[in-house]
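By convention in this document, chain letters (A, B, ...) are assigned in the order of the sequence lines, proteins followed by strands, and residues within each chain are numbered from 1.
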2 protein chains.
Amino acid sequence: MGKSLLNESPGGRIPQAQRLRDLLEDAIVEGHYAPGDRLDPEALARQYQCSRTPIREALTHLAASGMVKVAPKRGTFVARLSVTELVERFEVMAELEGMCGRLAARRMSDETLSALQQAQAACRQCMLNGDVNGYYYENGEFHRLIYEGSHNDFLAQEARRLHAMLKPYRRLQLHARHRLESSWCEHERIVTALIAGDADTAQRELRAHVLLQGERFNDLVASMQRLGQTPA
Amino acid sequence: MGKSLLNESPGGRIPQAQRLRDLLEDAIVEGHYAPGDRLDPEALARQYQCSRTPIREALTHLAASGMVKVAPKRGTFVARLSVTELVERFEVMAELEGMCGRLAARRMSDETLSALQQAQAACRQCMLNGDVNGYYYENGEFHRLIYEGSHNDFLAQEARRLHAMLKPYRRLQLHARHRLESSWCEHERIVTALIAGDADTAQRELRAHVLLQGERFNDLVASMQRLGQTPA
DNA sequence: CACCGTCCTGTTGTATACAACGATCTGCGC
DNA sequence: GCGCAGATCGTTGTATACAACAGGACGGTG
C-alpha cells in the first residue's frame, strides 16, 4: 500500500489530490475497501502521508462520480449501491456501450481492431485456464478498446467512468457458473460484427452483453438475499 | 463569515461550496461568463464573500463536469468547447435522450405526461409570440419531464448534467430562422409517440431532435467562421 | 421506569498562511 | 537584432487552525 512515494522528486510535480483520487478509486475498485466501509479522512491522511485537504478533494470527487457517498456530519462511505441503482446504471452502461459499438463498427482503425482481437485471444486463454482475475483484466482492455474505437473521446470518457463505477460489481458475477464462457462467446459475436462493420449488430450485441451482466447481477443478489446475506 | 439567511428548512443542509457550484454553473449557463473567460478564484472569493477554498472546490467540480477547463499555473477558464467536442457531446446527448424517450414511452406516469403536454402548450405559446427566451425555458422543462419519465434516476441525472453543459450552445441556435417552429413540430411528434407508448418512435424522434440541434449548431459555427467571427 | 433536556465529542466545512512550480518578462551576450 | 538565461511574479496546491453543526450519551426529572 505504501508504494506511492517513489514517483517523482520530493514535492511531487503531479497534483497530489488527483493522484490520491486515482489511488483511492483503484483501491475501491480492487475491493481493498468494501462497499459500506467508512473512509476516515484523518486515517487516510496518515496513511498517504499528507493532510486532510487533498484527501478531502479526492473524496468529494469520488462522491461526484458516485463511487462514495457522504453522510453529512456522519462520515464518508464507499458507495453501497442498491439493486435499483445498480440496475439503472447497467441500463445506461448498456446504452453507452452499444453506442460505442455502433460507432466503432464504422470508425475503428485497423490497429485498434487487431488489438481488440489480441485482447479477445487473451480472454480466451484466461477462460481456458479458468483464470478469472486475468479474464477480468483482459475484459477491461477489450471494452476499453471499443470505447476508443468509437472515436468519440467524450463518449469514451463517460464509458470509462461508468465502467469503473460498476467494476466491483461486475467482478462479482464473473465467478458465476459458465459466465466466462458465455461472456467470451458474446465477445466473439461482437468482434465479428465489428470486423464486418455491421453497426446495428455490434450495437445490439454489446447492449445485450452489458444488460445480461446487469441481469446476472440481479440474480446473484437475489440468491444472496435468499441465503440471508444482505448484499446492501 | 456572515450566516447565510438562505437557510432551508431545519432538515435542509447548507453546503456552501455546493451552493457556489450551482451559482457558478448557472452564471456560466446563463451567459454571465462567456466561454474563454478567466475565472479568478480571488475575485470570485471577494464577489461571493468567502475564501478561496470553497471557490476552489466549486471550480474543480465544474472542471470535472467539463464546464470549465484548467490551464495549469495559468488559470481556470470557462470551457470553450471546440466544434469536435461539441459534436461529440451532442452525439452522446442524443443517445441518452433517445433512451429516456424509449423508457418514458413505457414508464411515464399520466401526471408527468400531462405536465409534458402543458409544457408543450407553453412552448407553442412562446413560439407564436416569438418569445425565444420563454421557449428556451419551457423547452428545458419539456426535456426534463422526459428525463424524469424514464424512471431511471441515474439516467435522468446524467441527462440533466449533459443538458446543462450544452445549454449555452443550445440557446444560441434557437435564434436560427424557423428553428422554434421546427423544434416545436419535433416535440409534437415526440409527445404523440409517448402518448401512444411507441417506444421505438419516441427514441428515434428524440435522438433525431437532439442530433439536429448539434448539426444546426455546426452550421451556425461554420457560418460564423465564414464571417470571420471566432465563435467564442 | 420512561422521557426529555443538556453537554460532549466527533465530524465536516471554511479560512488563512505557506511553499513550490511555471510562465512571462527583461537584460545581457552574441 | 536575436536568442538564451535568470529573476520576478502570479498561480495553484497543500497544510494547519478554527468554527459550526449534529448525533449520541448521560443524567435529571416527572
Electrostatic pair B:Arg102-A:Glu95, nearest N-O below 4.0 angstrom
yes
Electrostatic pair A:Arg56-B:Glu57, nearest N-O below 4.0 angstrom:
yes
With a 4.0 Å cut-off on N to O distance, would you call A:Arg107 and A:Glu148 a salt bridge?
no
Is a donor on one side and an acceptor on the other found under 3.5 Å between the side chain of A:Asp22 and the backbone of A:Arg19?
no
Could you check whether the rings of A:His163 and A:Tyr147 sit parallel, tilted or perpendicular, using 30° and 60° as the cut-offs?
perpendicular
Are A:Glu91 and A:Arg207 close enough for a salt bridge, meaning some N to O gap below 4.0 Å?
no
B:Arg80 and B:Glu85 ion-paired at < 4.0 Å
no
Close N or O pairs between protein and nucleotides 5-8 of chain C (under 3.5 Å):
none

Nucleotides 12-17 of chain D: which of its N/O atoms have a protein N/O under 3.5 Å away?
unit_1	atom_1	unit_2	atom_2	d
D:dG13	OP2	B:Arg56	NH1	2.6
D:dG13	OP2	B:Arg56	NH2	3.2
D:dG13	N7	B:Arg52	NH2	3.2
D:dG13	O6	B:Arg52	NH2	3.3
D:dT14	OP1	A:Gln16	N	2.5
D:dT14	OP1	A:Ala17	N	3.3
D:dA15	OP1	A:Ser51	N	3.4
D:dA15	OP2	A:Ser51	N	2.7
D:dA15	OP2	A:Ser51	OG	2.8
D:dA15	O5'	A:Ser51	OG	3.4
D:dA15	N7	A:Thr53	OG1	3.0
D:dT16	O4	A:Thr53	OG1	3.3

